[in-house]
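These notes concern the structure reproduced below.
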Amino acid sequence: MAIYLDHTIVPAHDKEQSARFMAHILGLAYHGLFGHFAPVKVNEHLALDFDNRENFQSNHYAFLVTDEDFDAILGRVQEAGLKYGSGPRAQDDMQINHLHHGRGFYFRDENGHSWEFITHTYIKEEMLGDLGRPAAASVRQRG
């Protein structure tokens with residue numbers, strides 16, 4: 001059985017500004033509004049649908065990425081002068097972690113959402129077989 005998360009709503013104070021920002025950080029394109037939402041297509045299975053909200057709780061979004069994409073995303077976060085960190089309670093220590101045979105980091109966006117990028121899943125490999133790391137070739141859609 002194949003089950004994929006198709007889309008999730010990301011609440012924002014300014015949906016288009018937030019969509020453009022995260023598209024840039026992820027190395028993706030933002031193509032403008034689609035109906036009510038400002039979507040960022042992450043890959044063939046997932047879209048982040050940014051939506052204006054006045055009051056909302058911040059959320060956590062975690063992505064399993066290739067080593068190449070990790071380096072590129074971290075580079076864009078650093079170029080933007082954003083604080084990042086090695087853990088959920090250390091999101092501004094300007095370090096990455098080396099947990100679970102991989103690397104990871106977190107940062108917060110202007111809406112207070114916590115974004116996490118890891119190169120190896122936290123789920124025990126016994127449960128996944130050899131699926132702990134993403135494929136060497138990036139699956140994200142560019143431009």
Side-chain angles (χ1 to χ4, degrees), residues 1-125 127-128 131-143:
M1 171 177 14
I3 300 174
Y4 301 98
L5 179 63
D6 181 72
H7 66 276
T8 190
I9 296 173
V10 181
H13 297 295
D14 182 330
K15 64 186 175 187
E16 286 200 276
Q17 177 182 326
S18 295
R20 280 188 203 95
F21 169 77
M22 280 311 300
H24 169 72
I25 292 296
L26 294 170
L28 303 170
Y30 171 64
H31 298 289
L33 294 174
F34 183 77
H36 178 75
F37 298 105
V40 173
K41 189 73 173 165
V42 176
N43 57 40
E44 65 181 309
H45 301 293
L46 177 62
L48 301 172
D49 289 348
F50 290 84
D51 190 22
N52 286 341
R53 302 282 168 87
E54 288 185 31
N55 299 309
F56 56 86
Q57 291 184 336
S58 59
N59 294 312
H60 175 79
Y61 302 94
F63 293 89
L64 180 62
V65 298
T66 64
D67 284 304
E68 175 187 85
D69 288 335
F70 181 92
D71 292 337
I73 292 166
L74 178 59
R76 286 187 288 274
V77 166
Q78 291 169 330
E79 287 172 10
L82 299 170
K83 291 183 178 183
Y84 63 92
S86 58
R89 291 178 181 76
Q91 294 195 28
D92 61 358
D93 66 5
M94 306 303 279
Q95 301 291 317
I96 66 170
N97 69 56
H98 297 275
L99 301 174
H100 311 281
H101 309 286
R103 297 179 294 156
F105 80 96
Y106 298 72
F107 80 94
R108 290 195 184 281
D109 70 10
E110 68 277 3
N111 296 297
H113 299 307
S114 174
W115 299 85
E116 177 184 7
F117 299 92
I118 56 175
T119 62
H120 198 283
T121 184
Y122 295 176
I123 298 171
K124 292 184 177 186
E125 287 188 70
M127 296 172 64
L128 295 175
L131 299 177
R133 296 183 71 82
S138 175
V139 295
R140 58 188 173 91
Q141 297 175 352
R142 298 180 192 264

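These numbers come from the heavy atoms of this one structure, side chains and all, not from hydrogens, waters or symmetry mates.
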Margin query: Looking at Arg53 and Asp14, is any side-chain nitrogen of the basic one under 4.0 Å from a carboxylate oxygen of the acidic one?
Written below: no

Checklist line | Among Arg89, Glu116, Lys83, side-chain hydrogen bond (donor to acceptor under 3.5 Å, both in side chains) partner for Tyr106 | finding: Glu116

Check: For His13, which residues count as a ring-ring contact (aromatic ring centres under 6.0 Å, His included) partner, sequence neighbours excluded?
Finding: Phe56

Next item on the list: State which residues pass ring-ring contact (aromatic ring centres under 6.0 Å, His included) with Phe70; sequence neighbours excluded, sorted by chain then number.
Entry: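 Phe70 satisfies ring-ring contact (aromatic ring centres under 6.0 Å, His included) with Phe105 only.
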
Checklist line | Residues in salt bridge (charged side-chain N to carboxylate O under 4.0 Å, His left out) contact with Arg108, at least two apart in sequence or another chain | finding: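 Arg108: no salt bridge (charged side-chain N to carboxylate O under 4.0 Å, His left out) contacts found.
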
Item checked: For Asp92, all residues meeting salt bridge (charged side-chain N to carboxylate O under 4.0 Å, His left out), sequence neighbours excluded ->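 If we apply the salt bridge (charged side-chain N to carboxylate O under 4.0 Å, His left out) test to Asp92, skipping adjacent residues, there are no hits.
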
Rounded to the nearest 0.5 Å, how far does [atom2] of [Y] lie from [atom1] of [X]?
| X | Y | atom1 | atom2 | result |
| --- | --- | --- | --- | --- |
| Asp109 | Gln17 | CG | CD | 10.0 Å |
| His45 | Ile3 | NE2 | CD1 | 12.5 Å |
| Asn111 | Gln57 | CG | CD | 14.0 Å |
| Thr66 | Asp71 | OG1 | CG | 8.5 Å |
| Phe50 | Arg20 | CZ | CZ | 11.5 Å |
| Asn97 | Ile118 | CG | CD1 | 8.5 Å |

Next item on the list: Check the pair Val10 / His113 against side-chain contact (heavy atoms from CB on, under 4.5 Å), numbers first and verdict last.
Entry: CA-CA 9 Å; Val10 181; His113 299 307; 3.8 Å; yes

Taking the side chain as every heavy atom from C-beta outward, state whether [X] and [Y] have any atom pair closer than 4.5 Å.
| X | Y | value |
| --- | --- | --- |
| Trp115 | Ile25 | no |
| Ser18 | Glu110 | yes |
| Asp6 | Leu46 | no |

Notebook entry, point to check: How are the rings of Phe107 and Phe21 set relative to one another: parallel (under 30°), tilted (30 to 60°) or perpendicular (over 60°)?
Noted result: perpendicular

Would you say [X]'s side chain and [Y]'s backbone share a donor-acceptor pair under 3.5 angstrom?
| X | Y | result |
| --- | --- | --- |
| Asn52 | Lys15 | yes |
| Thr119 | Arg103 | yes |
| His120 | His98 | no |

Notebook entry, point to check: side-chain hydrogen bond (donor to acceptor under 3.5 Å, both in side chains) with Gln78: which residues, sequence neighbours excluded?
Noted result: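 Listed in chain order: Tyr84.
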
Item checked: Partners passing side-chain hydrogen bond (donor to acceptor under 3.5 Å, both in side chains) against Ser114 (at least two apart in sequence or in another chain) -> His60, Gln91

Nearest non-hydrogen partners of [X] and [Y], listed with the distance:
| X | Y | result |
| --- | --- | --- |
| Ala29 | Ala23 | C-CB, 4.0 Å |
| Asp93 | Gly85 | OD1-CA, 3.1 Å |
| Gly112 | Ser58 | O-CB, 3.0 Å |

Next item on the list: Please lay out, stage by stage, how Asn59 and Tyr61 fare under the test side chain to side chain donor-acceptor pair (under 3.5 Å).
Entry: CA-CA 7 Å; Asn59 294 312; Tyr61 302 94; 3.1 Å; yes

Margin query: Is there a side chain to side chain donor-acceptor pair (under 3.5 Å) between Glu16 and Tyr30? Walk through the geometry before answering.
Written below: CA-CA 9 Å; Glu16 286 200 276; Tyr30 171 64; 2.8 Å; yes

Item checked: side-chain contact (heavy atoms from CB on, under 4.5 Å) evaluation trace for Asp69 with Phe63 -> CA-CA 11 Å; Asp69 288 335; Phe63 293 89; over 6 Å; no

Check: Does a donor on one side chain sit under 3.5 Å from an acceptor on the other, for His36 and Asp51?
Finding: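 Note: His36 and Asp51 side chains meet the donor-acceptor criterion.
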
Checklist line | Derivation and outcome, salt bridge (charged side-chain N to carboxylate O under 4.0 Å, His left out), residues Asp49 and Lys41 | finding: CA-CA 8 Å; Asp49 289 348; Lys41 189 73 173 165; over 6 Å; no

